[in-house]
Each structure stands twice: as C-alpha cells, then as structure tokens.
Amino acid sequence: MPFLTNDCKEYRLEGRLVGHKNAINCLAVSRNGNMLASGAIQNPADPVTCVCWITRQEATRETLCYGTGLGFIGIWQQQGEDLEDFNAKVSRRIGTGKEIMCLTYDHIGDDTRIASGTRDRRVQVWAFDFKGPLIPIFAVELSTTIPRTVNFNRTASRNLLVFGMYDGKIHTLRGSDGTIIATNKAGPMIGHAAVDAPQTLFLIDNVTNGFSLHRLEDRACIRTYNTNPVKTFPKQVVFGEQATLVVGGSDTGTIHVFDKNEGTLKQVLQHADRGRVQTVTTYDSTHHSLIFGATSTNDAEPTISIWYRKRATSPSDHPLGPAIKNFVRGIFQLAIAMAIIAYVSNISIGQTSGITLLGNAWREYSKSGAQTDELTNVDIRSLVEQYIEAQRAEELEKVRSSGMNDGQTKLIKPQDVLHGVILLGN
C-alpha cells in the first residue's frame with residue numbers, strides 16, 4: 001500500500017478495506033507492520049472475538065493467535081517459500097467452551113506464554129514452543145470478574161493483570177500458579193484496557209464519559225478524556241505514537257485522537273456516517289504512524305479504515321540541516337581537492353621534500369572569500385583549475401630562474417586529477 005510522503009500534522013485517510021460480511025470484532029497489526037489481521041462475525045455461531053500476533057523477535061515467520069465465541073483457540077504460522085500461506089499449529093477448545101474475551105502473550109528467551117480470559121470468569125496460561133501443543137501452566141476461576149483484558153507483567157515473575165469488565169476490578173495473578181496477590185478497582189466498569197510499553201500507565205474505556213488514564217503502580221486516575229458517549233457500549237482504547245496519543249472508538253462512527261499528556265482532543269477521524277466503532281488499533285514505525293478503525297455493527301457496511309500520519313523526524317534522525325550539510329560537503333570536497341593540489345604541486349616539478357601542508361592551501365582559498373556552503377562541483381573545478389595553474393606557473397618560474405629543469409620535469413594538467421574531486425559530490 002503506498003503511503004503519503006510529505007510530513008503531515010494530522011492523520012489522513014489512506015484507504016478502506018472491505019471483505020467482511022458482518023461486524024468486525026478485533027484488529028491486530030503484525031510486528032513488521034506488513035500484515036493486518038481482522039476477526040469478525042463471519043460465522044454467527046462462532047465469531048472470531050480476539051486476535052494477536054505472537055511472533056518472537058528473532059523469528060522470520062509471523063505467528064497469529066485468535067479466539068472465538070465458542071471457546072476455540074487457534075494458532076497459525078506463516079509457511080511456504082513466499083510466506084503467503086498460513087498453517088494451523090493449534091486448534092482446540094479451552095475450558096468450558098465459553099467465549100474467549102481476550103488474549104495476550106509474553107516472551108522470555110525461548111519461553112513463550114499465552115494467556116486467555118473467557119466469559120465464564122476463567123483465566124488460563126499456557127507455554128507454547130511454536131512446534132507442539134499448548135502446555136498448561138495454570139487455570140483459575142475468578143469469583144465475580146469476567147476478564148475483559150489480560151496483560152503480562154514483563155518481569156521475571158510474569159504476573160498477570162486481569163481487568164474485569166462488569167466489576168471494574170484489576171486483579172494481579174501470580175505468574176507461577178494464578179493465585180490472586182492483589183486486587184484494585186479502576187471504576188464501575190471497564191469496556192477495554194491497554195497498558196503502555198514501559199508498563200507504568202494503563203488506559204480504560206470507563207463506559208461512563210469516555211476514556212481514563214491511570215497509573216499502574218497504584219491504579220490512581222490521572223486524566224479523563226471525555227467523548228460524551230450516547231450509549232454505553234464498550235469501546236477499545238489504545239496508545240498511539242509511542243504512548244503520546246490516546247486513540248479510542250465511539251458510538252457515532254468516529255475515532256477520537258487525544259493528546260495523552262494535555263488531555264485535549266487533537267483530531268476526530270470519520271470512519272463512517274453512523275454506527276459503532278468499537279474496534280481500533282495503532283501501529284508505529286520509525287517515520288510514520290497508523291490508526292485502524294473497524295465497523296462494529298451489522299446495520300452498516302463492515303469496513304476497516306486506515307489513517308496515516310508521517311511523523312516529524314527528530315534531530316537525532318537528521319543531525320545536520322541542509323545548510324550545515326552543504327557547508328560540510330563543501331569543506332570535505334575542498335579538503336580532498338587541497339590534498340590533491342598540494343600533491344600535484346610537488347610532484348609536478350619532481351620534488352621529494354614532502355606534500356604542501358593542507359592548512360597553507362586552505363588559507364589560500366580563504367583569501368578569496370568563497371562561500372563554502374554554496375560551492376558546487378563546477379565551482380570546485382574552477383577553483384582547482386585556477387589554483388593548479390597558478391601553482392604551475394609559480395613553480396615553473398622557480399625552475400627556470402634556478403636552472404633546475406633537466407628536461408625530465410613533468411607538469412600535471414588539471415584535467416588529469418579533477419575527476420577524483422568531482423565524484424565526491426555525486
């Protein structure tokens with residue numbers, strides 16, 4: 001897909017994807033940004049409810065994990081010479097066969113874990129080696145909490161955070177056996193939750209007036225992003241642009257983009273004229289960011305909108321501005337030219353006393369008052385020719401006046417050495 005090439009301050013609609021026949025429940029972008037996975041109510045009896053890419057950092061083949069409304073979990077991995085096909089690695093029903101509400105994963109070395117939360121209040125964790133079946137680590141049943149989002153604490157403990165949908169509770173389960181070691185409350189309900197990469201903050205759809213930002217350490221609410229929802233449908237909310245933005249859906253066909261720190265609404269993306277946009281995700285690359293939104297109702301054409309923004313590059317990406325680059329380029333070219341000229345000036349009369357100091361040659365150029373940041377190859381060529389001719393004439397006069405010319409002196413022509421300078425700027 002071709003993307004915009006100019007810097008832009010706002011997100012622009014890049015295109016729409018079609019193909020689903022019913023509401024779209026989940027979206028996930030692959031690690032390299034080349035693939036988008038979407039799950040929908042393609043089969044009303046067993047819709048795809050959640051999806052995530054679980055590819056290891058060093059892997060060359062992407063791996064996709066998904067869950068369904070009837071409690072089936074599947075794992076697909078890229079296959080084939082062109083990596084255009086996917087083969088099923090795992091396909092099984094888990095627990096009591098209730099809807100899988102959420103999935104997540106964690107990698108530590110070669111040890112990969114997958115966690116799921118189901119509508120019957122069960123949380124399960126497995127080990128997966130990308131070859132064989134899922135190996136159970138633990139399975140627990142919570143007393144009142146239906147998991148809406150699960151997230152691994154990416155430390156050696158591998159504790160699991162469980163965000164409750166209808167009770168607003170956040171449980172911390174011990175990574176080894178699933179024992180509840182802490183419980184907090186973030187609000188009356190949690191429509192969806194997302195944790196930032198450093199695992200210091202989390203977002204929730206508070207189902208009341210919009211989205212809320214909380215500290216992970218003590219679960220305290222830091223900021224609220226008001227979207228004035230008409231109805232209390234759960235909506236996905238995620239971080240964007242290295243956790244500087246808050247991006248969430250709506251029940252009015254739009255996607256809200258907030259500044260995370262200031263709390264201001266930066267942009268409203270019009271996904272559709274009406275209907276719910278409960279499904280959103282984001283992706284950040286080095287130089288651009290993407291926002292994806294999907295239709296979440298059956299009374300409108302199910303589409304996925306893709307929004308693009310090319311981020312302004314930081315000074316570290318381009319440490320030299322155009323003027324400074326030209327200046328350095330001019331100095332570099334002249335330095336090489338001076339070295340060649342100094343060498344030519346000496347060998348042209350057969351001297352062996354050494355090369356003329358580059359500093360002396362540079363001072364000769366400085367006297368002309370040349371603007372080095374504006375020099376082109378043509379300018380350099382002209383200066384080199386003038387300098388060589390002047391040096392040849394000066395040295396030749398010295399030879400003639402001293403009687404040193406024994407008939408073996410070779411005077412180098414400017415065109416014999418200029419190609420080495422001109423190529424530097426190409």
Side-chain angles (χ1 to χ4, degrees), residues 23-28 39-41 44-52 65-73 92-105 113-126 136-153 159-175 177-195 202-208 210-212 214 216 219 221 229 231-238 248-249 251 276 278-280 296:
I24 301 168
N25 296 324
C26 49
L27 296 170
I41 310 176
D46 190 22
V48 176
T49 54
C50 49
V51 62
C52 65
C65 182
Y66 68 92
T68 75
L70 291 181
F72 284 92
I73 187 170
R92 56 167 290 187
R93 202 172 193 181
I94 63 174
T96 60
K98 300 298 182 181
E99 177 185 355
I100 299 177
M101 304 284 289
C102 48
L103 290 168
T104 192
Y105 70 96
R113 291 191 180 185
I114 298 172
S116 70
T118 52
R119 191 169 284 277
D120 57 357
R121 307 189 309 278
R122 293 175 182 268
V123 176
Q124 299 178 76
V125 174
W126 297 271
I137 300 294
F138 69 77
V140 296
E141 182 177 345
L142 304 174
S143 59
T144 60
T145 300
I146 295 177
R148 186 64 185 97
T149 302
V150 288
N151 189 276
F152 278 106
N153 182 355
N159 293 336
L160 189 70
L161 290 174
V162 180
F163 296 83
M165 183 170 186
Y166 296 109
D167 58 8
K169 291 182 179 180
I170 304 173
H171 300 292
T172 302
L173 308 187
R174 189 159 55 209
D177 58 11
T179 300
I180 298 177
I181 57 178
T183 297
N184 302 86
K185 194 173 178 68
M189 297 179 68
I190 297 177
H192 184 260
V195 180
F202 67 90
L203 287 166
I204 65 168
D205 167 30
N206 61 35
V207 191
T208 303
F211 313 122
S212 301
H214 297 250
L216 195 56
R219 315 312 196 232
C221 181
K231 297 181 180 180
T232 56
F233 292 110
K235 309 166 195 65
Q236 290 182 356
V237 58
V238 293
D251 50 19
R276 300 194 300 271
Q278 297 172 265
T279 308
V280 297
S296 306

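Judged purely by atom type and a 3.5 angstrom limit, Ser212 has no side-chain atom pairing as donor or acceptor with the backbone of Asn206. The closest donor-acceptor contact from the side chain of Lys169 to the backbone of Val162 lies at 3.5 Å or more, if one exists at all. When atom types are taken as modelled, the side chain of Gln124 and the backbone of Ser116 share no donor-acceptor pair closer than 3.5 angstrom. The backbone N or O of Asp177 lies less than 3.5 Å from no partner atom in the side chain of Thr179, so there is not a single donor-acceptor pair. In terms of modelled atom types and a separation under 3.5 Å, the side chain of His214 and the main chain of Arg219 share a donor-acceptor contact. The backbone N or O of Gly175 lies less than 3.5 Å from a partner atom in the side chain of Arg113, making a donor-acceptor pair.
For the atom pair CG of Leu27 and CD of Gln236, the computed distance is 7.0 Å after rounding to the nearest 0.5 Å. Within the model, atoms NZ of Lys185 and CD1 of Ile190 stand 8.0 Å from one another, a figure rounded to the nearest 0.5 Å. With values rounded to the nearest 0.5 angstrom, Lys98 atom NZ is found 10.0 Å from Arg119 atom CZ. Interatomic distance, Asp251 CG to Lys231 NZ, rounded to the nearest 0.5 Å: 8.0 Å. Annotation: the span from His192 atom NE2 to Arg148 atom CZ amounts to 5.5 Å, rounded to 0.5 Å. How far CD1 of Ile170 is from CZ of Phe163: 5.0 Å, rounded to the nearest 0.5 Å.
Applying the side chain to side chain contact (heavy atoms under 4.5 Å, CB included) test between Val125 and each of Ile137, Val150, Val140, Leu173 identifies Ile137 as the sole match.
Heavy atoms only, all atoms of each residue included: Pro188 and Thr208 are closest at CG-OG1, 4.3 Å. Among all heavy-atom pairs drawn from Ala194 and Val237, the shortest one is CB-O, 3.4 Å. Gly67 and Ile100 get closest at one heavy-atom pair: CA-CD1, 3.8 Å. Of all heavy-atom pairs between Ala40 and Ala23, the closest is CB-O, 3.1 Å. In plain terms, the two heavy atoms of His171 and Thr145 that are nearest each other are NE2-OG1, 2.8 Å. Nearest approach of Cys26 to Val51, heavy atoms of both residues: SG-CG1, 3.6 Å.
Between Thr118 and Thr96, every side-chain heavy-atom pair lies at or beyond the 4.5 Å cut-off. Proximity of Arg174 to Asn159: side-chain heavy atoms (C-beta onward) are separated by under 4.5 Å at one or more points. Taking the side chain as every heavy atom from C-beta outward, Thr172 and Leu161 approach each other to under 4.5 Å. Ile41 is listed as a side-chain neighbour of Asn25, based on a closest heavy-atom distance under 4.5 Å. Cys65 has its side chain within reach of Ile73: a pair of non-hydrogen atoms, C-beta onward, lies under 4.5 Å apart.
For the salt bridge (charged side-chain N to carboxylate O under 4.0 Å, His left out) test, no residue two or more places apart in sequence or in another chain qualifies with Arg93. Scored by the side chain to side chain contact (heavy atoms under 4.5 Å, CB included) test, Thr232 finds Val207 as partners (sequence neighbours excluded). Contacts of Arg121 classified as salt bridge (charged side-chain N to carboxylate O under 4.0 Å, His left out), with partners at least two apart in sequence or in another chain: Glu141.
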Kindly determine whether Phe202 and Thr149 satisfy side-chain contact (heavy atoms from CB on, under 4.5 Å), including the steps that lead there. CA-CA 11 Å; Phe202 67 90; Thr149 302; over 6 Å; no
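Between the side chains of Asp46 and Thr68, a donor-acceptor pair is found at a separation under 3.5 Å.
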